[in-house]
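It should be emphasised that the depicted structure is a prediction, and the values quoted were computed from it without experimental measurement. A note on names: the letters A, B, ... follow the listed sequences, proteins ahead of strands, and every chain is numbered from 1.
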Amino acid sequence: MITAEHLRAVAGWARDLPEADIEYARRGIVEKTFGKGAYICHRGDRFDYWTGVVSGLVRLGSVSKSGKEVTFAGLPPGGWFGEGSLIKGEARRYDLLTLRETRLAMMNRATFLGLFENSVAFNRYLVRQFNERLGQFIALVEHDRMHSTAGKLARNLAWLLNPVLNPTVGLRIEITQEELGLLSGLSRQMANQGLKALEQAGLVRLEHGGLTVLDLDRLRGYGDGSDMDD
DNA sequence: TCATTAAGCGTTG
DNA sequence: CAACGCTTAATGA
């Protein structure tokens, strides 16, 4: 069990909830640590928790028919996921894999459904999250032809630091170039090369074991229209 | 053929 | 000690 204070620290959505709802949510959440490279659940599994990343990094993806690993999204600390499967009462449609040691907050299904039924603030949050995800998906289809490595990196970084989806991350994120590569479908070398290009463009500042985004808006739109360089 | 990658290794923070 | 940068041999479009 966790404290209300802790919940507010790791869950952006909790900050908008009235005290009674926070108390209710708090009682339905347990935390658990997963080792690096651990599967939280496989596609097809039942996993009856709504889940938030407290620390670490999770990759959401699946394996295509030809056996290729496909990444759909990376989940940094502050990201919550799984509401679709819970609401529909379905099995998971994606694999969830930790890229490094990761601590998860797990809300049981009954509690999640209780909030979903009764809390206006919680539903407002869910709608915002759905809407933001949809927007990202549309953007992905829209400029599908983002073949440059820097472009892929820029897109994935912008996703990770999306303030609506991951309100607690801020502009600085702890992530290695290798991990960023895994999320972007790039090797370590290419990730390094692409990141340096983004740094030269003045969009990010590279640090040891992490980076800071200097201009999230421009990062978002990187590769749109005119400049299609590498 | 040329670009990309995994693997290894020295350097760095 | 883990992240980074670089070299090299293998791989594959």
- Query: Glu174(A) near the nucleic acid: base, sugar-phosphate alone, or nothing, with a heavy-atom cut-off under 4.0 Å?
  - Reply: nothing

- Message: For a quick check, tell me whether the side chain of Gln189(A) and the base of dA6(B) share a donor-acceptor pair closer than 3.5 Å.
- Response: yes

- If pairs are Watson-Crick or G-U with both distances under 3.5 Å, what is the dot-bracket string of DNA chain B, marking crossing pairs with [ ] and pairs to another strand with |? |||||||||||||

- Common cluster, Leu75(A)/Val10(A), ILVMFWY with side-chain heavy-atom separation under 4.5 Å: no

- Closest to the Arg188(A) side chain: dA6(B), dG13(B), dG8(B)? dG8(B)

- Message: Check for me whether the distance between the ring centres of Phe112(A) and Phe122(A) falls short of 6.0 Å.
- Response: yes

- Short side-chain to backbone donor-acceptor contact, Thr102(A) and Phe34(A), under 3.5 Å: no

- Message: How many whole angstroms separate atom CG of Asn192(A) from atom P of dC6(C)?
- Response: 7 Å

- Query: Counting distance only, does the side-chain N/O of Arg92(A) pair as donor-acceptor with the main-chain N or O of Ser85(A) below 3.5 Å?
  - Reply: no

- Looking at Arg26(A) and Glu23(A), does any basic side-chain N land under 4.0 Å from a carboxylate oxygen? yes

- Note on the structure: With the side chain defined as heavy atoms from C-beta on, Thr176(A) is closest, among dG5(C), dA3(C), dT4(B), to dA3(C)

- Query: Parallel, tilted or perpendicular: which fits the ring planes of Trp13(A) and Trp80(A), with parallel below 30° and perpendicular above 60°?
  - Reply: perpendicular

